[in-house]
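For reference, the structure is listed below as structure tokens.
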Amino acid sequence: MKSIIVSLCFLLFFSNPDWTLDFEKAKTEANQSKKYILLNFSGSDWCIPCIKLKKDIFESEIFQKYANENLVLVRADFPRLKKNQLDAKQTAQNEQLAEKYNNQGKFPLTVLIDANGKKVKEWDGYPNTLTPESFINEIQTSTHAR
């Protein structure tokens with residue numbers, strides 16, 4: 001019984017951060033928790049740098065730990081394959097986010113946003129020099145400068 005409780009506690013405290021698809025919900029959460037929003041524009045089924053960025057940076061243990069404590073994560077996905085298409089409401093929301101934060105249609109594009117929706121910093125593409133540690137450092141530098 002003790003091991004089950006310990007396992008559940010571990011999962012609650014060290015689980016992977018969830019990527020939400022709802023930007024308004026993310027803004028509310030960011031306001032309440034005093035966190036920044038990290039918005040990632042992705043082409044999950046066609047954009048190779050997007051897929052690599054997700055795997056190498058966003059799914060890394062160090063980034064996930066940092067994100068759990070400091071960020072609200074939002075993904076605006078633009079899949080191309082018919083089987084991966086999003087519903088009309090989600091597609092419309094992602095297009096609105098792109099109009100505001102990614103009007104040049106870059107993929108991947110990652111944007112750090114404050115709780116009021118103001119852009120703080122952006123990362124265009126996935127440079128081969130980016131590591132989870134350097135990415136976190138850039139986020140910290142951007143948020144501490146405010």
Side-chain angles (χ1 to χ4, degrees), residues 7-146:
S7 296
L8 287 174
C9 288
F10 181 82
L11 287 173
L12 286 174
F13 291 109
F14 298 104
S15 62
N16 296 342
D18 290 328
W19 287 83
T20 185
L21 304 176
D22 186 336
F23 189 72
E24 290 306 314
K25 179 181 166 189
K27 281 181 20 180
T28 300
E29 183 182 337
N31 265 313
Q32 291 172 349
S33 61
K34 307 290 187 241
K35 294 180 178 181
Y36 284 82
I37 298 166
L38 191 72
L39 171 61
N40 175 247
F41 290 92
S42 178
S44 64
D45 64 3
W46 60 269
C47 171
I48 301 303
C50 299
I51 295 165
K52 284 185 56 62
L53 179 66
K54 180 180 181 234
K55 181 181 179 289
D56 298 345
I57 304 296
F58 299 143
E59 291 179 354
S60 71
E61 187 176 328
I62 188 170
F63 175 79
Q64 290 180 355
K65 183 178 185 306
Y66 178 80
N68 267 335
E69 297 169 8
N70 300 284
L71 301 170
V72 178
L73 304 173
V74 180
R75 180 155 291 126
D77 193 18
F78 292 84
R80 288 187 181 162
L81 298 177
K82 188 172 184 164
K83 69 179 183 176
N84 297 331
Q85 291 305 299
L86 307 172
D87 64 45
K89 182 180 174 189
Q90 187 65 54
T91 299
Q93 179 190 273
N94 290 356
E95 288 172 355
Q96 286 179 330
L97 287 171
E99 283 178 30
K100 183 169 184 176
Y101 297 108
N102 188 7
N103 58 10
Q104 294 182 340
K106 297 177 179 181
F107 290 94
L109 182 73
T110 306
V111 186
L112 184 65
I113 302 166
D114 69 18
N116 297 315
K118 184 177 179 206
K119 186 187 293 188
V120 176
K121 181 169 177 62
E122 73 176 42
W123 293 264
D124 180 0
Y126 177 27
N128 59 6
T129 57
L130 192 67
T131 65
E133 294 83 3
S134 68
F135 187 59
I136 291 168
N137 187 46
E138 288 183 39
I139 293 170
Q140 289 173 329
T141 300
S142 299
T143 58
H144 292 327
R146 307 191 105 228

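Every value quoted in this text rests on a predicted model; they were computed, and no experiment measured them.
Pairs of residues two or more places apart, or lying in two chains, that qualify as ring pair (Phe, Tyr, Trp, His ring centres under 6.0 Å) and include a residue from residues 79-105 are F23-Y101. For residues 45-128, the pairs satisfying disulfide (SG to SG under 2.5 Å) are C47-C50, with sequence neighbours left out. Sorted by first then second residue, the salt bridge (charged side-chain N to carboxylate O under 4.0 Å, His left out) pairs that include residues 30-55, not counting sequence neighbours, are K52-D56, K54-E59. For residues 70-94, no residue pair satisfies the salt bridge (charged side-chain N to carboxylate O under 4.0 Å, His left out) rule, not counting sequence neighbours. Sorted by first then second residue, the disulfide (SG to SG under 2.5 Å) pairs that include residues 61-122, not counting sequence neighbours, number zero.
The side-chain contact (heavy atoms from CB on, under 4.5 Å) search around A115 returns A30, N31, not counting sequence neighbours. Here D22 pairs with T20, E24, K25, Q93 under the side-chain contact (heavy atoms from CB on, under 4.5 Å) rule; sequence neighbours left out. Looking at residues two or more places apart in sequence or on another chain, you find a salt bridge (charged side-chain N to carboxylate O under 4.0 Å, His left out) between E69 and K65. Taking K121 as the reference, L112, W123, E138, S142 meet the side-chain contact (heavy atoms from CB on, under 4.5 Å) condition, with sequence neighbours excluded. Partners of Q104 by side-chain contact (heavy atoms from CB on, under 4.5 Å), not counting sequence neighbours, listed by chain and number: K106. Under the salt bridge (charged side-chain N to carboxylate O under 4.0 Å, His left out) criterion, E122 pairs with K119, not counting sequence neighbours. Residues satisfying the ring pair (Phe, Tyr, Trp, His ring centres under 6.0 Å) test with F63, not counting sequence neighbours, are F58, F135.
Scanning both residues, T129 and S134, for their nearest heavy atoms gives O-OG, 4.1 Å. Of all heavy-atom pairs between I57 and P132, the closest is CD1-N, 3.5 Å. The heavy-atom pair separating A26 from V72 by the smallest distance is CB-CG1, 3.6 Å.
Looking only at distances, a side-chain donor or acceptor of T141 sits under 3.5 Å from a matching main-chain atom of N137. Listed for the Q90 side chain is a donor-acceptor partner under 3.5 Å among the backbone atoms of L21.
Note that CZ of F78 is 10.0 Å distant from OG of S42, once rounded to the nearest 0.5 Å. In this structure, CG on L109 lies 11.5 Å from CG on L97, to the nearest 0.5 angstrom. Distance check, rounded to the nearest 0.5 Å: NE2 of H144 to CD1 of I139 gives 11.0 Å.
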Exercise for the section: Apply side chain to side chain contact (heavy atoms under 4.5 Å, CB included) to the pair F41 and V111, showing each step before the final yes or no. Expected result: CA-CA 8 Å; F41 290 92; V111 186; 4.2 Å; yes

Problem - side-chain hydrogen bond (donor to acceptor under 3.5 Å, both in side chains) evaluation trace for Q64 with N68 - result: CA-CA 6 Å; Q64 290 180 355; N68 267 335; over 6 Å; no

Practice task
Show the numbers, then the answer: is there a side chain to side chain contact (heavy atoms under 4.5 Å, CB included) between L81 and W46?
Solution key: CA-CA 8 Å; L81 298 177; W46 60 269; over 6 Å; no

Exercise for the section: Check the pair I113 / V74 against side chain to side chain contact (heavy atoms under 4.5 Å, CB included), numbers first and verdict last. Expected result: CA-CA 10 Å; I113 302 166; V74 180; over 6 Å; no

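Side-chain contact between L38 and T110 is present, with heavy atoms from C-beta onward closer than 4.5 Å. For the pair N70/I136, no side-chain contact is recorded, criterion being any heavy-atom separation below 4.5 Å from C-beta on. Between Y36 and D114 the shortest side-chain heavy-atom distance falls below 4.5 Å.
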